[in-house]
Protein chains: 2
Amino acid sequence: MTNVAAKRPTINDVAEVSGVSRGTVSRVLNGRANVSLAAELAVRRAVAETGYVVNRAARSLKTSRTGSIVMVLSEPQERLFEDPNFSVLMRAATNRLAERDMSLVLMIAGDAGGRDRVARYLRAGHADGALLISTHADDPLVEAVERSQVPAVACGAVLGRESVIPYAAADDRGGARLATRYLVDQGRRKIGMITGPLDTPGGALRLEGFTGVLGRKVTKRMVVHGDYTQSGGERAMRELLESFPELDAVFVASDLMAAGALRVLQAAGRSVPGDVAVAGFDDSALATATSPMLTTVRQPLDRIAEETVRLLIALLDGEEATSVVLPTELTVRDSA
Amino acid sequence: MTNVAAKRPTINDVAEVSGVSRGTVSRVLNGRANVSLAAELAVRRAVAETGYVVNRAARSLKTSRTGSIVMVLSEPQERLFEDPNFSVLMRAATNRLAERDMSLVLMIAGDAGGRDRVARYLRAGHADGALLISTHADDPLVEAVERSQVPAVACGAVLGRESVIPYAAADDRGGARLATRYLVDQGRRKIGMITGPLDTPGGALRLEGFTGVLGRKVTKRMVVHGDYTQSGGERAMRELLESFPELDAVFVASDLMAAGALRVLQAAGRSVPGDVAVAGFDDSALATATSPMLTTVRQPLDRIAEETVRLLIALLDGEEATSVVLPTELTVRDSA
DNA sequence: CTGAAAGCGCTAACAG
DNA sequence: CTGTTAGCGCTTTCAG
């Protein structure tokens, strides 16, 4: 520590200490090829000695790239925050980005005001890319993002924009098939379903998987729509018990809703899995906290998150970004 | 939309369109006093017309403030992400910050590498403030933050640094007293406890509240330390059953651990609350998913988060920031 | 009250 | 391979 400067060291200080020009320092810092080994070494030493850290604002001003990407949460009904899944996404994104020395900024676009802020943020070029979470089919945000021209990917398909916004997602349809088939194999014949909102992939595709297996046997009264909350799950289960009282199994599109359903079933005097088998979706921490523990479809959220970030980085690097769908598997516990 | 420029409009464009100088535009944008009404109006119109949005990088370069604060998660054992509480924090922070047109960047300092990144980030002046989450007493991060000179606050006290890092927190001690006293009032006489890690406030203070009520009746074998995870709660409960088999109640320092304890008790053939009463802490979503539903101490996480951000903003504005402790309350359900 | 001017720290194009 | 140079868009004195 030769130099205990009051000011933060700039590239000029590094240049001076290392005895080369600013330009050369910059080249070293950015890994450009045309630098002699001697120069590189001198610069590295000077960087260490001065404790130099690049000033992103200055770099950004010059390059018009910001070194940050924005994670946009559209969550009309706050569901995400009740959902532990989301945390997993964020941690994976942060880590992956950190490797590239990029940072993650978080924005919530729950209402018109929030969407507007996101739109302005993007238009102002404050982020190099956008990572969309739980975006609904008709969310006006999508248009704003597209208009901003900022590279964007989604975690989970944005229904209707699958071909324009690359995404990584679980095989919702396949997972639902897995669970449904399992219930059938257990000898269940009167299987109901509680879905998620139909304008989300988890809502629409899990229902498709369900009906795909059961075919025309599925009638309207056997399917109720929930909203991914626990109380929504309770409400839906009550409704289902009303419209389809003879049911001997339910496939529920999320663990949180399944926890609600479980509670209602037990309150109604139906034993689980004795009278009614219950299968969930997610395999979140909740699945082992309920009693009985949930049989549920595990989706590899950590990998989904990583893939989503990988796609975005590919996009930033000007590469092709092809959506990926990751396989799910059934975790059999006690509820079915 | 008179002007469909290919480039993003700059302050120069606004100056030109409004017929004043750059300096005046800047003054208007920053709410400086010395501007004539006529000029202000012209500028505002021009801003709307051009769709101008300030370039933060340029502003930042000049003012050396960034308009963003960083939320640092230190979570040695990944606990946070298993914990739905955290999401609540983040949403409150994001919203509060958005009001000030500031953004939230997220960093994870789970290991040495992560801490290093945070330290560099702060030293480089990339954030105007730091918001520390679940920071342990002896975390080297704390020193790095202090050395960086960046204003910082914590959500939950940083043990040992209470006087230097302002914080907002729940009344952990009081909440624990509430739960313990309730168990006593229910006629329980042999009460055990599962704590959190003792280098976190939730670990140390909840234990203090517990022993505060029970006094010298508490012996070593009645207290087991957990790590805030569900499996940790299971392990701890097993241990407690071993060391203190005659117990008729447990106070568990978090709902997640309580869920684990519940499971172990039931597996051991002890009915809840019949044989053993269980009280948790948090009142998270989990508390209503377990069976029986948890009697637990509710902490006002949303308000804690808001207060934390308020403190940080006060600090940024150069005001005094005095730590606040918010009251908790007992939510009685079925487990005790 | 307002215009002009001087950089903030960095990168990239251009000459050597 | 390296030094020099010209700004990126903004705020902020300093004069008027």
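Chain letters run A, B, ... following the sequence lines, proteins first and then strands; every chain starts at 1.
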S.K.: From the options D:dT2, C:dT2, D:dC10, select the nucleotide whose nearest atom is closest to the side chain of B:Val35.
M.R.: C:dT2
S.K.: For the side chain of B:Arg56 and the base of D:dG9, is some donor closer than 3.5 Å to an acceptor across the two?
M.R.: no
S.K.: Quick check against the 3.5 Å criterion: does B:Asp13 have a side-chain atom that pairs as donor or acceptor with the backbone of B:Thr10?
M.R.: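 Yes, the answer is positive, given that a donor and an acceptor are paired below the 3.5 Å cut-off.
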S.K.: How many whole angstroms separate atom CG of A:Leu37 from atom P of D:dT2?
M.R.: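 A:Leu37 atom CG is separated from D:dT2 atom P by 10 Å.
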S.K.: Of all heavy-atom pairs between B:Pro201 and B:Ala157, which one has the smallest distance, and what is that distance?
M.R.: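 Scanning both residues completely, I find the closest heavy atoms to be CG-O, 3.2 Å.
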S.K.: Using a cut-off of strictly less than 4.0 Å, decide whether B:Asn30 has a side-chain nitrogen or oxygen near OP1 or OP2 of D:dT11.
M.R.: yes
S.K.: I'd like to know if the side chain of B:Arg32 reaches the main chain of B:Asn30, judged simply by a donor and an acceptor atom lying under 3.5 Å from each other, with no hydrogens or angles considered.
M.R.: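 Yes, the answer is positive, given that a donor and an acceptor are paired below the 3.5 Å cut-off.
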S.K.: Using atom names, set out every protein N or O paired with an N or O of nucleotides 6-8 of chain C below 3.5 Å, distance rounded to 0.1 Å.
M.R.:
unit_1, atom_1, unit_2, atom_2, d
C:dA6, N6, B:Arg22, NH2, 3.2
C:dG7, N2, B:Lys62, NZ, 3.1
C:dG7, N3, B:Lys62, NZ, 3.4

S.K.: May I ask you to say what A:Ala39 touches in the nucleic acid, namely base, sugar-phosphate or nothing, with a heavy-atom cut-off under 4.0 Å?
M.R.: sugar-phosphate
S.K.: Work out how much the helix from C:dC1-D:dG16 to C:dG16-D:dC1 bends between its end axes, five pairs an end, to the nearest 10 degrees.
M.R.: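 The two end axes of the helix from C:dC1-D:dG16 to C:dG16-D:dC1 meet at 40°.
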S.K.: Whole angstroms only, please: what is the CG-C1' distance between A:Asn12 and C:dC10?
M.R.: 9 Å
S.K.: Starting at the 5' end of DNA chain D and moving along, which residue's nearest nucleotide shows up first, B:Ile11 or A:Ala38?
M.R.: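 Its nucleotide being nearer the 5' end, the pick is A:Ala38.
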S.K.: Would you call B:Asp128 and B:Arg100 a salt bridge, taking side-chain N to carboxylate O under 4.0 Å as the test?
M.R.: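 Result for this pair is no, no salt bridge flagged.
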S.K.: What integer distance in Å separates B:Arg27:CZ from D:dC10:C1'?
M.R.: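 That distance rounds to 13 Å.
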S.K.: State whether B:Ser26 places a side-chain N or O below 4.0 Å from either non-bridging phosphate oxygen (OP1 or OP2) of D:dC10.
M.R.: no
S.K.: Hey, is A:Glu307 close enough to A:Arg310 for a salt bridge, meaning N to O under 4.0 Å?
M.R.: yes
S.K.: If you round to the nearest 0.5 Å, how far is OG1 of B:Thr322 from CG of B:Leu311?
M.R.: 7.5 Å
S.K.: So how far is it from A:Leu132 CG to A:Ile165 CD1, rounded to the nearest 0.5 Å?
M.R.: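 It is 5.5 Å, given to the nearest 0.5 Å.
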S.K.: Could you grab the distance from atom NE2 of B:His136 to atom CG of B:Leu141, nearest 0.5 Å is fine?
M.R.: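 Going from NE2 on B:His136 over to CG on B:Leu141, the span is 11.5 Å.
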S.K.: Thinking salt bridges, do A:Glu49 and A:Arg45 make one under a 4.0 Å N-O criterion?
M.R.: no
S.K.: Measure from the side-chain N and O atoms of B:Glu40 to the backbone N and O of B:Ala38, and report whether any donor-acceptor pair falls under 3.5 Å.
M.R.: no
S.K.: In whole angstrom, what separates B:Glu16's CD from C:dG3's C1'?
M.R.: 15 Å
S.K.: Please give, in whole Å, the distance from C:dC10 C1' to A:Arg8 CZ?
M.R.: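 Distance check: A:Arg8 CZ to C:dC10 C1' gives 15 Å.
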S.K.: Any side-chain N or O of B:Ser36 below 4.0 angstrom from OP1/OP2 of C:dT2?
M.R.: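 Yes.
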S.K.: Ignoring backbone atoms, test whether B:Arg32 places a side-chain nitrogen or oxygen under 4.0 Å from the OP1 or OP2 oxygen of D:dT12.
M.R.: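 For B:Arg32, the contact criterion (side-chain N or O under 4.0 Å from OP1 or OP2 of D:dT12) is met.
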S.K.: Just the rounded figure in Å: distance from C1' of D:dT12 to CZ of B:Arg65.
M.R.: 13 Å
S.K.: Would you mind reading off the distance between A:Asn34 atom CG and C:dA15 atom C1', rounded to a whole angstrom?
M.R.: 14 Å
